[in-house]
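First the structure, in the form of structure tokens, and then the observations on it.
Every chain is numbered from 1 and lettered A, B, ... according to where its sequence line falls, protein lines coming before strand lines.
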Amino acid sequence: MKEFDFGTNLGGAWFPAPIFTASGCASSGKELAQFFALKDIGAVVTKSVMTKPRYGRPTPRMAETPSGMLNSIGLQGPGIDSFLANDVPWLLEQKARVIVSIAGETVEEYSTLARKVRGISGISALEVNISCPNVENRGLVFACDPEASRRVIDGVRKTIGGEIPIIAKLTPDVTNLPSIASGVVDAGADGLALINTVLGMVINLETLRPHLGGKTGGLSGPAIRPVAVRAIYQVHEALPNTPILGMGGVSSGRDALELILAGASGVSVGTASFGSPTAIPTIQNELRDLLIAKGFNSLKQAVGYAHREVS
Amino acid sequence: MKEFDFGTNLGGAWFPAPIFTASGCASSGKELAQFFALKDIGAVVTKSVMTKPRYGRPTPRMAETPSGMLNSIGLQGPGIDSFLANDVPWLLEQKARVIVSIAGETVEEYSTLARKVRGISGISALEVNISCPNVENRGLVFACDPEASRRVIDGVRKTIGGEIPIIAKLTPDVTNLPSIASGVVDAGADGLALINTVLGMVINLETLRPHLGGKTGGLSGPAIRPVAVRAIYQVHEALPNTPILGMGGVSSGRDALELILAGASGVSVGTASFGSPTAIPTIQNELRDLLIAKGFNSLKQAVGYAHREVS
Amino acid sequence: MSAINKSAQQFLATIVSNKRVGQYHQIILQVGEIVAACKPGNFIAIAVGGDNSRMILRRAFAISRTSHTASFGGTLELIVAPHGSGSKWLCQQQEGVELDVVTPLGTAFGIPTEPVNALLVGGGYGSAPLFGLAEVLKSRGCRVDMLLGASTGQKIYAPMEGKRAVNSLRIYTEDGSVGERGRVTDPMWAMIEDGSVDVIYSCGPMAMLRAISDLVNDSDVVHQCAVEEAMACGIGICMTCVLPVKNENGSTSMLRSCIDGPVMDGSTVQWDLVGQIPEASQ
Amino acid sequence: MSAINKSAQQFLATIVSNKRVGQYHQIILQVGEIVAACKPGNFIAIAVGGDNSRMILRRAFAISRTSHTASFGGTLELIVAPHGSGSKWLCQQQEGVELDVVTPLGTAFGIPTEPVNALLVGGGYGSAPLFGLAEVLKSRGCRVDMLLGASTGQKIYAPMEGKRAVNSLRIYTEDGSVGERGRVTDPMWAMIEDGSVDVIYSCGPMAMLRAISDLVNDSDVVHQCAVEEAMACGIGICMTCVLPVKNENGSTSMLRSCIDGPVMDGSTVQWDLVGQIPEASQ
Ligand SMILES: Cc1cc2nc3c(=O)[nH]c(=O)nc-3n(C[C@H](O)[C@H](O)[C@H](O)COP(=O)(O)OP(=O)(O)OC[C@H]3O[C@@H](n4cnc5c(N)ncnc54)[C@H](O)[C@@H]3O)c2cc1C
Ligand SMILES: Cc1cc2nc3c(=O)[nH]c(=O)nc-3n(C[C@H](O)[C@H](O)[C@H](O)COP(=O)(O)OP(=O)(O)OC[C@H]3O[C@@H](n4cnc5c(N)ncnc54)[C@H](O)[C@@H]3O)c2cc1C
Ligand SMILES: Cc1cc2nc3c(=O)[nH]c(=O)nc-3n(C[C@H](O)[C@H](O)[C@H](O)COP(=O)(O)O)c2cc1C
Ligand SMILES: Cc1cc2nc3c(=O)[nH]c(=O)nc-3n(C[C@H](O)[C@H](O)[C@H](O)COP(=O)(O)O)c2cc1C
Ligand code: FES
Ligand code: FES
């Protein structure tokens with residue numbers, strides 16, 4: 001019997017397994033290393049980093065909701081220089097595959113960040129989180145604006161050249177996701193990350209005001225899984241040749257399989273790690289067993305399988 | 001002590017209490033009448049009706065998801081003539097307040113429906129469900145298209161005149177909800193119903209294909225409550241004088257209060273009735289007790305309270 | 001008030017006992033006076049998972065038998081297969097636990113006014129409501145034959161007391177582990193042909209119900225089947241549970257299997273259209 | 001491997017006992033050898049609601065005391081207030097139930113190397129970790145005084161055995177139902193002024209911790225406080241639990257109270273900035 005092939009490919013980068021951390025849900029990896037070896041999972045996607053150090057948003061920064069949670073962290077972080085000098089070398093020492101996520105407030109900031117990332121070797125891919133407010137356009141989120149999305153990716157593409165794959169991370173909070181997706185692919189994205197959190201709010205019934213310091217927050221967790229599956233399915237249908245890194249509410253192997261069948265070549269696990277620090281290796285093992293039980297010889301065979309006609 | 005005032009007003013129509021059924025989640029009322037008296041709740045919002053009888057979508061039409069469900073009913077119904085001849089008179093006989101929900105495939109169909117509704121007396125308001133595919137524009141949902149949304153409401157406004165309030169029901173699956181909302185208000189909507197279901201999908205792990213007959217479906221239930229609260233808050237902020245009928249994941253009095261504080265003048269309860277046929281009167285009682293416990297003298301005082309500065 | 005589900009109520013029912021029987025759980029619920037309104041074919045809808053459950057919909061189960069006991073008053077018996085998370089949760093609940101239930105729901109099996117020859121056909125836990133039905137039919141002087149089938153013997157539910165209520169019982173399993181190897185439909189054609197059957201009552205997987213409908217198609221045998229469609233509400237308000245049913249005038253309606261069923265006239269169900277949409281309009 | 005939470009593990013812990021004590025529940029968990037790594041100040045994160053829970057995040061509880069018994073091996077004691085749905089669920093779980101836990105998490109109270117005069121101040125269930133701490137301090141030759149406060153007597157947690165470990169114990173309630181009417185901070189200024197306190201260890205509501213910090217501000221007294229911020233992950237990966245803390249160079253960092261706390265140096269926490277964002281960058 002041929003051995004089961006669990007490896008996956010995202011725009012040229014190869015990973016031995018398809019389950020990754022989700023940006024912002026694993027910090028820079030150190031904290032999870034106590035619970036499992038980072039090299040055993042597909043890759044560590046690091047928290048979106050900006051040019052300068054950032055304090056983020058005021059607390060409270062989270063609210064639990066039915067089968068989900070809201071967060072409004074506001075991209076607190078050390079800034080790209082400290083991140084590249086300290087966090088990336090540590091991750092590479094652990095033999096983890098590293099996907100660096102960057103976030104900016106202007107088209108220019110993304111290019112600057114990409115240039116700095118390009119200078120470091122050993123990074124597997126660049127995730128470009130464009131679900132951030134564009135300060136040059138009334139704070140409108142880049143990924144909500146087809147033109148701004150394209151410009152960000154175009155700038156990053158020109159900076160990065162062909163060195164590492166560029167994965168554009170999109171928000172589901174748009175009227176026409178496939179059109180935003182094809183815009184960024186035209187601009188040079190090698191892959192897409194779907195989905196970022198869904199915009200939500202909780203009112204605190206003690207204060208009678210929005211609970212989060214940032215008022216609105218991003219909804220994640222199992223509650224949004226059907227939205228993630230739909231988004232991945234729609235985009236895979238429109239762009240069958242563009243690899244997708246799927247995410248949104250995955251907390252078991254069967255959840256991950258849903259996203260893969262819909263069209264994801266890899267799956268990031270975010271909120272589930274908050275509920276269980278060992279969620280990622282557990283999900284990865286469950287997925288492998290499930291794929292084998294369903295008769296697949298490789299992960300690749302299962303990617304987008306839900307689109308095929310029933311024979 | 002002054003008596004607590006639980007009444008509410010939606011674009012001119014008055015209701016003795018603020019909890020309503022949600023369109024499509026109470027059929028035409030008869031089925032719930034076994035569990036409570038329809039006259040005791042704010043109003044019955046009937047299932048969106050079209051001009052002709054409709055079979056709807058193929059089964060399976062539902063999938064349970066974490067703290068939510070997907071449905072793809074596809075507006076099965078008897079058609080407007082049978083509906084107005086049979087269902088409305090029965091509801092009026094029960095002394096229920098009736099909000100008729102209409103749905104169309106063309107701008108013209110909405111006007112036709114509105115004309116027929118205008119001919120019947122005793123109806124409290126008209127809910128115009130524009131979260132339907134527009135057959136004249138590649139099936140693009142009306143409420144995803146600012147121009148089509150405006151044209152539907154404009155047509156209905158001209159037909160209805162000022163006889164009964166028009167409430168436009170919007171989908172949250174858009175990039176800029178406040179702009180769609182202000183477009184339909186400009187076109188003549190007296191109020192807004194927020195939110196319709198969120199587009200989602202579930203893959204069946206036995207067949208490895210989309211579970212629903214209609215492939216995608218609408219996500220409802222507690223999972224989407226944070227999205228509803230955010231949508232209502234955003235739209236109330238943009239249009240503080242437009243009454244909102246809120247809905248999305250309400251299954252207790254505290255949930256209803258969240259929507260009201262965010263800006264809803266009335267609250268429809270949909271999916272919760274599937275889990276419990278007595279959900280609506282229970283929620284209505286809980287809400288009343290909670291408002292009184294929080295020190296409000298009237299429902300009206302609480303509407304949009306979360307927007308006020310903390311003193 | 002309307003005529004739909006006119007005896008139905010939502011209330012708390014206490015589990016009186018919960019026993020494993022083969023691959024099923026026999027669960028007895030204390031329900032009080034409402035037991036008198038529960039007829040064979042009706043079902044009960046149960047909230048699952050407790051207060052903090054992420055499962056927001058009720059689960060439907062056929063009422064297997066009803067009784068009145070001195071110690072518990074009116075009780076209902078359910079036969080539950082631990083299938084997914086909701087039914088597994090239910091099977092784990094112990095004696096004394098209170099369940100939030102809505103019952104009696106849906107249509108009941110029609111009981112003939114005159115004594116007839118009745119054939120009761122059950123697949124898997126589909127046999128559950130047939131034993132209660134058998135008792136009623138016997139009390140009306142009917143002859144009651146029963147055919148039960150399942151993939152394997154562990155999935156045959158046929159309690160001792162139940163067997164006493166029928167004139168004959170034959171069991172079929174696909175693996176031959178209990179009874180004869182084969183399917184319940186195997187002997188049916190012969191029984192229909194020799195005129196020993198007036199009415200068939202069936203409950204089980206949709207494929208079985210369809211096969212029976214096909215068999216009786218050209219005969220005079222009446223076929224009442226209890227269908228099982230995925231239900232979100234169980235009370236007629238969501239339209240998820242529809243089945244294509246032929247009207248008198250030849251047109252097709254999508255009827256709700258929760259209120260126009262679960263018991264339906266097998267000859268009117270358009271089995272070939274299940275999961276599809278009729279082309280013409282109603 | 002990294003140095004963060006280096007003794008922490010995720011495992012199933014069995015409830016050995018669950019007793020109501022005033023308005024709290026005292027819950028004892030069997031945890032095995034890991035008990036040796038649990039220090040006063042550390043906390044445990046518990047998954048709540050069972051398999052089908054709509055609550056997806058763990059709940060954090062201070063480890064009140066640890067022990068080694070012949071019958072159960074290593075055990076942890078928790079004092080749980082039934083607050084919202086998660087803690088209420090926990091308080092309802094019976095002996096024998098297995099809980100999914102992660103522990104020991106976070107920083108511990110610093111133990112002085114020389115005997116000192118220690119004042120332990122607890123608000124509500126905040127007294128829980130102080131009794132375990134008191135035992136450690138006593139064994140190092142410290143003098144241990146304790147002040148406990150709450151709104152009402154039912155919310156004072158002060159077990160018999162605990163009382164034996166301290167040199168003095170004074171209780172304050174706002175309604176005067178137990179001990180003196182007033183707040184724990186009332187007698188503190190005098191105690192600090194007469195030099196009878198070297199270190200204060202505090203645990204309780206943020207307002208109490210802040211009030212104590214303000215009191216000791218101009219003194220030489222060291223103040224170690226266990227903070228309580230809403231935590232999504234408890235292990236340092238989500239950044240929800242941050243507090244503004246002053247660095248040596250005068251700048252402010254937003255530190256994670258789950259891994260850089262819960263025990264923090266009260267003099268470095270910028271209490272006036274809690275819930276806000278420092279203006280300058282780090
Ligand atoms: C009228 C009626 C009578 C029934 N009688 C019995 C009985 O006597 N004994 C018994 O064991 N089962 C019976 N069933 C099936 C039972 O309702 C399902 O097994 C149960 O709902 C599965 O829930 P779950 O959470 O375990 O599975 P999941 O697959 O996790 O359920 C997910 C969702 O799908 C629905 N669903 C899944 N399978 C079925 C199914 N087969 N039929 C309907 N809905 C389904 C569930 O209700 C739920 O909403 C009956 C169903 C109906 C409609
Ligand atoms: C380090 C630490 C130690 C703690 N020690 C104890 C203890 O020994 N005994 C005790 O009774 N409680 C303790 N708490 C508080 C306890 O974690 C909360 O009461 C509990 O999380 C409330 O959950 P719930 O589901 O009952 O309430 P809900 O209000 O329904 O919880 C909703 C969400 O908010 C969070 N949350 C709510 N209140 C608090 C709070 N006060 N602190 C932190 N998060 C909160 C919950 O974790 C959950 O994610 C501690 C908290 C922390 C951070
Ligand atoms: C606390 C938190 C912080 C996050 N931070 C980031 C971030 O910095 N960059 C990013 O692209 N996505 C961020 N996300 C989104 C996640 O990467 C992921 O897209 C989303 O949470 C859906 O996956 P999940 O349901 O598995 O969490 C964050 C999510 C959470 C919950
Ligand atoms: C089964 C089902 C059918 C629905 N049908 C309609 C409909 O016909 N017209 C409409 O405007 N909304 C329809 N909706 C949307 C609801 O009215 C409501 O906007 C949505 O479900 C959110 O509320 P909830 O979470 O309380 O269910 C339907 C929802 C469900 C679950
Ligand atoms: S299950 Fe809702 S209509 Fe039948
Ligand atoms: S709770 Fe997640 S970082 Fe502290």
Q: Select one option (side chain, backbone, both, neither) describing which atoms of Ser273(A) are under 4.5 Å from chain D's heavy atoms.
A: both

Q: Considering only heavy atoms and a distance below 4.5 Å, find which of Ile56(D), Asp100(D), Ile259(D) pairs most often with chain A.
A: Ile56(D)

Q.
I'd like to verify something: which residue of Ile73(A), Thr21(A), Thr271(A) has the highest number of heavy-atom pairs under 4.5 Å with chain D?
A. Ile73(A)

Q: May I ask you to name which of Ala37(A), Gly68(A), Gly24(A), Pro60(A) has the most heavy-atom pairs under 4.5 Å with chain D?
A: Gly68(A)

Q | Lys/Arg N to Asp/Glu carboxylate O, Glu105(A) vs Lys52(A), below 4.0 Å | A | no

Q | CZ/Arg183(D): more than 12 non-hydrogen atoms of other groups inside 6.0 Å | A | no

Q) For residues Ser101(A) and Asn129(A), is any side-chain donor paired with an opposing acceptor at under 3.5 Å? A) no

Q) Out of Gly270(A), Ala63(A), Ser28(A), Ser67(A), which one racks up the most heavy-atom pairs below 4.5 Å with chain D? A) Ser67(A)

Q.
Given heavy-atom pairs under 4.5 angstrom as the criterion, report whether the side chain, backbone, both or neither of Val102(D) touches chain A.
A. side chain

Q) Can you check whether Gln9(D)'s main-chain N or O pairs, donor with acceptor, with Thr103(D)'s side chain at less than 3.5 Å? A) no

Q.
Is it the case that the side chains of Glu286(A) and Ser252(A) hold a donor-acceptor pair, with the cut-off being a distance below 3.5 Å and no angle test?
A. no

Q. What part of Ala47(D) is in contact with chain A, defined as an atom under 4.5 angstrom from a non-hydrogen atom: side chain, backbone, both or neither?
A. neither

Q. Between the side chain of Tyr24(D) and the main-chain N/O of Lys155(D), is any donor-acceptor distance below 3.5 Å?
A. yes

